[in-house]
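Note on naming: letters A, B, ... go to the chains in the order of the sequence lines (proteins, then strands), and numbering restarts at 1 for each one.
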Amino acid sequence: MYIKDLSKYESQEITLKGWAANKRESKGLVFIILRDGTGLCQCVVDANSVSETIFNEARKATLETSLSITGKIVKDEKQIGGYELQATNIELIQVAVDYPIAKKEHGIEFLMDNRHLWLRSQRQWAIMRIRNTIIFAIHKFFQNEGFLQMDAPLFTGNAVEGTSTLFETDFYGDAAYLSQSGQLYGEAMAMAHNKIYTFGPTFRAEKSKTRRHLSEFWMIEPEIAFHDIFDNMDLIERFLRTVVTEVLNTNKAELELIGRDTAILENVVKPFPRLTYDEAVKIIKGEVDVNGINAITSLEQELAEVKNSIEATKKEIDEREEKIKTPGMKKGEIGFNQAKIDKLKQELSDLEEQERNIPGWLNSARNFEYGNDFGGSDETVLTRLFDRPIMVYNWPHEVKAFYLKRDPENSNFARGVDTLAPEGYGEIVGGGERETDLNLLVEKINEHQLPMQAFEWYLDLRRYGSVPHSGFGLGLERLVTWVCKLPHVRESIPFPRMYGRLMP
RNA sequence: UCCUUGAUAGCUCAGCUGGUUAGAGCGACUGACUGUUAAUCAGUAGGUCCCUGGUUCGAGUCCAGGUCAGGGAGCCA
């Protein structure tokens with residue numbers, strides 16, 4: 001019997017097993033908020049309706065104590081799930097002493113050190129359920145479209161691109177690297193099965209400490225024979241639309257719990273704007289407006305607003321600190337103001353962080369040099385102007401991967417496409433049409449100074465029945481992060497691995 | 001790797017231009033209260049002020065080096 005099914009058991013006596021997520025006591029009553037992994041339910045133990053022994057057991061149930069509790073289910077609109085259990089019996093399974101994660105505020109380092117316990121808290125619980133929906137929806141989408149799931153190896157003999165971002169391991173005495181992409185293997189598999197996708201972990205040894213990087217993350221890489229870049233963009237759009245819509249339909253409660261405004265997510269039903277690199281650069285530099293909004297001036301405005309907010313926040317902190325000092329103030333009122341002050345100070349340091357960052361972004365946007373790849377801040381500057389994901393295609397070929405097809409219309413460009421999430425999230429999908437010309441590929445491999453011999457098998461794909469083909473890579477955690485509007489990718493995966501973080 | 005901010009109680013933080021015995025809230029513990037939603041109220045315990053060295057009559061506070069962490073850049077999904 002699970003809490004999610006309580007409505008089926010109204011006015012019946014049932015037994016629930018779970019953990020005490022919270023407890024409040026008064027003279028003859030104990031309120032236990034039971035958490036069973038499927039939901040929360042308040043359980044009331046009344047001294048008048050149970051024996052003294054049972055009542056005393058209930059009082060011993062500390063935070064995160066595991067227990068089973070039996071009682072009658074009654075409807076109560078005030079409660080979280082709409083139901084309450086009136087206990088007739090309680091059995092403690094293990095009494096938890098001094099559970100580290102309290103009901104209140106914690107810093108990120110502490111929470112990350114306690115990630116194994118943090119996963120139990122409401123917000124993290126909701127995020128993981130949304131992650132699950134996304135994973136399932138991805139499989140459903142591809143399977144329904146006739147794709148075959150085929151996985152690429154995780155041990156690889158060489159890099160797809162530079163070797164600086166690879167984790168090296170010992171493979172029976174030879175150097176082997178943890179895969180940073182299944183892309184090339186995906187192409188081989190697509191030549192065998194036409195439409196395939198891989199779904200597995202990927203490893204990047206980048207010493208990055210930003211909100212969008214993990215050392216170990218899950219990537220979905222479809223590869224499709226006889227698709228050009230435009231077919232590819234159609235697929236990306238249909239794919240994201242289907243997956244996000246699935247979350248909207250399945251996880252209403254979870255989205256509400258984490259406070260996600262779903263209006264922008266609902267916009268995925270509308271067509272995604274498609275910009276060429278040239279068009280996107282003009283927008284970033286402020287030469288072209290989007291829907292009457294200019295990238296540069298709107299960012300300048302935001303900087304001014306941030307500065308105003310800083311002043312206003314400082315003022316409010318001062319006022320409340322002055323207020324606390326007034327003699328004869330009740331303890332409760334002091335506590336209330338103190339909590340407010342703490343919150344305001346947190347907001348203030350976030351705002352000051354922004355005040356330090358925005359000028360750099362402005363600078364990067366104003367001085368953007370045509371021909372360069374977009375940086376994180378350029379993506380932010382660009383995507384802030386849109387209310388749904390956008391696709392940027394036809395990139396200068398020098399800044400993109402060696403395997404991307406040169407645009408037949410203009411050989412300065414490669415047929416790559418990046419899909420950027422709105423609200424400043426940036427790249428969630430990178431892909432494109434693959435180069436089919438053997439000579440151009442060989443030239444590129446030399447240019448990038450890659451070991452030709454390691455790519456002979458890959459070149460075989462162009463020697464034996466080469467066809468136009470395309471594909472893309474989706475970073476699962478980046479999608480989860482955007483869908484949930486998380487401040488950082490580290491909350492989008494159960495146990496994040498990143499620079500400086502290997503435990504727990 | 002670079003820029004930037006920080007490290008004080010179990011947790012979140014205050015501690016001013018160096019000055020006697022180190023502060024708050026929350027949590028824990030004890031007690032009061034018959035329906036609470038971060039319950040409330042009263043009380044108790046709880047400290048290697050990140051590490052090493054320096055300046056000084058005196059360092060949580062100043063200086064140098066280091067370690068760890070937050071944010072950003074580069075790179076990327």
Side-chain angles (χ1 to χ4, degrees), chain A residues 22-33 40 42 44 46-48 62-63 76 78-80 84 86 97-114 161-162 164-165 180-181 183 202 204-215 217-221 321 324 330-332 334-343 345-346 349-350 352-361 363-364 372-380 399-401 418-421 425-431 472-479 481-482 487-490 499-501:
Chain A
N22 200 356
K23 186 186 70 170
R24 286 176 287 274
E25 281 186 72
S26 60
K27 180 88 173 182
L29 287 167
V30 175
F31 301 96
I32 294 170
I33 309 295
L40 295 175
Q42 170 162 287
V44 187
D46 187 334
N48 291 327
T62 51
L63 207 58
D76 183 351
K78 280 188 298 184
Q79 298 307 327
I80 308 160
E84 177 179 274
Q86 292 175 345
V97 180
D98 292 339
Y99 184 68
I101 300 184
K103 297 175 219 171
K104 257 186 97 174
E105 43 182 347
H106 293 288
I108 191 63
E109 190 183 3
F110 178 80
L111 289 170
M112 288 301 299
D113 285 342
N114 288 283
E161 280 154 271
S164 60
T165 62
Q180 58 173 188
S181 167
Q183 150 86 55
T202 337
R204 305 261 168 106
E206 290 153 359
K207 288 185 179 174
S208 303
K209 290 177 73 152
T210 79
R211 63 183 63 198
R212 30 174 172 298
H213 285 90
L214 291 169
S215 303
F217 63 95
W218 288 72
M219 193 149 69
I220 293 89
E221 294 181 288
E321 277 180 339
I324 286 182
K330 276 192 181 168
K331 208 180 164 187
I334 292 175
F336 175 79
N337 277 290
Q338 193 59 54
K340 272 273 193 227
I341 289 169
D342 286 354
K343 210 174 161 194
K345 284 195 175 169
Q346 187 55 53
S349 77
D350 286 351
E352 284 172 342
E353 199 85 59
Q354 285 186 51
E355 194 189 21
R356 279 194 295 272
N357 290 336
I358 293 177
W361 297 358
N363 227 19
S364 162
N372 284 351
D373 203 353
F374 294 171
S377 66
D378 304 316
E379 288 177 359
T380 304
V399 301
K400 286 288 172 187
D418 283 357
T419 305
L420 310 177
Y425 279 90
E427 186 170 0
I428 51 174
V429 171
F472 63 89
L474 166 88
L476 175 65
E477 286 74 19
R478 285 198 179 168
L479 180 58
T481 302
W482 170 58
H488 198 295
V489 264
R490 66 185 155 221
Y499 185 56
R501 172 64 60 184

Problem set entry | B:C11 - base-pair partner by Watson-Crick or wobble geometry, distances under 3.5 Å | B:G25

Problem set entry | OP1 or OP2 of B:A77 under 4.0 Å from side-chain N/O of A:W218 | no

Exercise. Hey, are A:E206 and A:S215 close enough side-chain-wise for a donor-acceptor pair under 3.5 Å?
Worked result: no

Exercise. Among the nucleotides B:G71, B:C76, B:G35, which one has an atom lying closest to any side-chain atom of A:H488?
Worked result: B:G71

For this session: Would you state whether a donor and an acceptor, one from the side chain of A:H106 and one from the base of B:C11, lie under 3.5 Å apart?
Result: no

Problem set entry | From B:A77, B:G71, B:U1, nucleotide with atom closest to A:H213 side chain | B:A77

Problem set entry | Atom-pair distance (CG on A:N114; C1' on B:G10), nearest Å | 11 Å

For this session: Decide yes or no, distance alone: a donor-acceptor N/O pair under 3.5 angstrom between the base of B:C75 and the side-chain of A:R212.
Result: no

Exercise. Which part of the nucleic acid, if any, lies within contact of A:R501, taking any heavy atom under 4.0 Å across all strands shown: a base, the sugar-phosphate backbone alone, or nothing?
Worked result: nothing

For this session: Take the protein atom CZ of A:R478 and the nucleotide atom C1' of B:C76, then report the distance between them rounded to whole Å.
Result: 6 Å

For this session: Scan A:L476 against the nucleic acid and name what it touches under 4.0 Å (heavy atoms): base, sugar-phosphate only, or nothing.
Result: nothing

Seminar exercise, completed: Taking for A:D46 and for A:S377 the nucleotide of RNA chain B with the nearest heavy atom, the one nearer the 5' end belongs to A:D46

For this session: Assign A:G426 to base, sugar-phosphate, or nothing according to its heavy-atom contacts below 4.0 angstrom with the strands shown.
Result: nothing

Exercise. Under 4.0 Å between a side-chain N or O of A:R490 and OP1 or OP2 of B:G71?
Worked result: yes

Exercise. How far does the P atom of B:C63 sit from the matching atom of B:G18, given to the nearest Å?
Worked result: 11 Å

Problem set entry | Whether A:F217 stacks on the six-membered ring of B:A77 base, 5.5 Å and 30° limits | yes

Problem set entry | Donor-acceptor contact present, side-chain A:H488 to main-chain A:T210, <3.5 Å | yes

For this session: Let me know the distance between CH2 of A:W361 and P of B:A73, rounded to the nearest Å.
Result: 6 Å

For this session: Among the candidates B:U37, B:C68, B:U1, find the nucleotide nearest to the side-chain atoms of A:E109.
Result: B:C68

Exercise. Taking the C1' atom of each, how far is B:U61 from B:A7, in whole Å?
Worked result: 14 Å

Exercise. If we take the P atom in both B:U36 and B:G70, what is their distance in whole Å?
Worked result: 42 Å

Problem set entry | A:E84 side chain, from C-beta outward: closest of B:G70, B:G71, B:G35 | B:G35

Exercise. Regarding A:Q180 and A:T165, is there a side-chain donor-to-acceptor distance under 3.5 Å anywhere?
Worked result: yes

Problem set entry | Separation of atom CG in A:D418 from atom P in B:C75, rounded to whole Å | 13 Å

Exercise. Which whole number of Å gives the distance between the P atom of B:A69 and that of B:C75?
Worked result: 24 Å

Problem set entry | For atom CE of A:M112 and atom P of B:A69, their distance in whole Å | 11 Å

For this session: Identify which nucleotide among B:C11, B:A77, B:G70 has an atom closest to any side-chain atom of A:F110, counting heavy atoms from C-beta outward.
Result: B:C11

For this session: Give the rounded distance in Å between these two atoms: OH of A:Y499 and P of B:A69.
Result: 8 Å

Exercise. Between B:A14 and B:A9, how far is it from one P atom to the other, in whole Å?
Worked result: 12 Å

Problem set entry | Sugar-phosphate, base or nothing in reach of A:N48, heavy atoms under 4.0 Å | base

Problem set entry | Any-strand Watson-Crick or G-U partner of B:A69, both distances under 3.5 Å | B:U5

Problem set entry | Nearest-angstrom distance, C1' atom, B:A38 to B:G60 | 32 Å

Seminar exercise, completed: Of the listed B:A77, B:G72, B:G35, the closest approach to the A:N357 side chain comes from B:G72

For this session: Would you mind reading off the distance between A:K23 atom NZ and B:A39 atom P, rounded to a whole angstrom?
Result: 12 Å

Exercise. Within less than 4.0 Å of OP1 or OP2 of B:G72, is there a side-chain N or O belonging to A:K209?
Worked result: no

For this session: Establish whether the base of B:G71 is bridged to the side chain of A:Q354 by a donor-acceptor pair shorter than 3.5 Å.
Result: no

Problem set entry | Nucleotide B:A38, atom P - distance to CZ of A:F31 in whole Å | 13 Å

Exercise. How far apart are the C-alpha atoms of A:I33 and A:F31, what are their side-chain angles, what is the distance that settles it, and do they pass the side chain to side chain contact (heavy atoms under 4.5 Å, CB included) test?
Worked result: CA-CA 7 Å; A:I33 309 295; A:F31 301 96; 5.7 Å; no

For this session: Ignoring the backbone of A:Q86, work out which of B:G70, B:G35, B:G72 is nearest its side chain.
Result: B:G35

Exercise. Would you say the side chain of A:I428 lies within less than 4.5 Å of the side chain of A:E477, judging by non-hydrogen atoms?
Worked result: no

For this session: Answer yes or no: is there a side-chain heavy-atom contact under 4.5 Å between A:F217 and A:M219?
Result: yes

Exercise. If only side-chain N and O atoms of A:N22 are considered, is one of them under 4.0 Å from the OP1 or OP2 phosphate oxygen of B:U36?
Worked result: no

For this session: Could you check whether A:G107 gets within reach of a base, just the sugar-phosphate, or nothing at all, counting any heavy atom under 4.0 Å?
Result: sugar-phosphate

For this session: Please check if the side chain of A:N114 supplies one atom and the backbone of A:L111 the other of a donor-acceptor pair under 3.5 Å.
Result: no

Exercise. Would you say B:U37 has OP1 or OP2 under 4.0 Å from some side-chain N or O of A:R24?
Worked result: no

For this session: For B:C3 versus B:C51, give the span between their P atoms, rounded off to a whole number of Å.
Result: 25 Å

Problem set entry | Listed nucleotide nearest any side-chain atom of A:K207, set B:A73, B:G71, B:U1 | B:U1

Problem set entry | Pair assignment for B:A64, Watson-Crick or G-U wobble, requiring both distances under 3.5 Å | B:U52

For this session: Check for a donor-acceptor pair, side chain of A:R478 on one end and backbone N or O of A:R212 on the other, with a separation under 3.5 Å.
Result: yes

Exercise. Is it true that the side chains of A:E84 and A:Q42 contain a donor and an acceptor less than 3.5 Å apart?
Worked result: yes

For this session: Describe the nucleic acid contact of A:Q42 in one word from base, sugar-phosphate, nothing, applying a heavy-atom distance below 4.0 Å.
Result: base

For this session: Tell me what A:L29 touches on the nucleic acid: a base, only sugar-phosphate, or nothing, going by heavy atoms under 4.0 Å.
Result: base

Problem set entry | B:A22 to B:U48 separation - P atoms, rounded to the nearest Å | 13 Å

For this session: Look through every strand shown and name the nucleotide pairing with B:A77 as Watson-Crick or G-U wobble, where both distances are under 3.5 Å.
Result: none

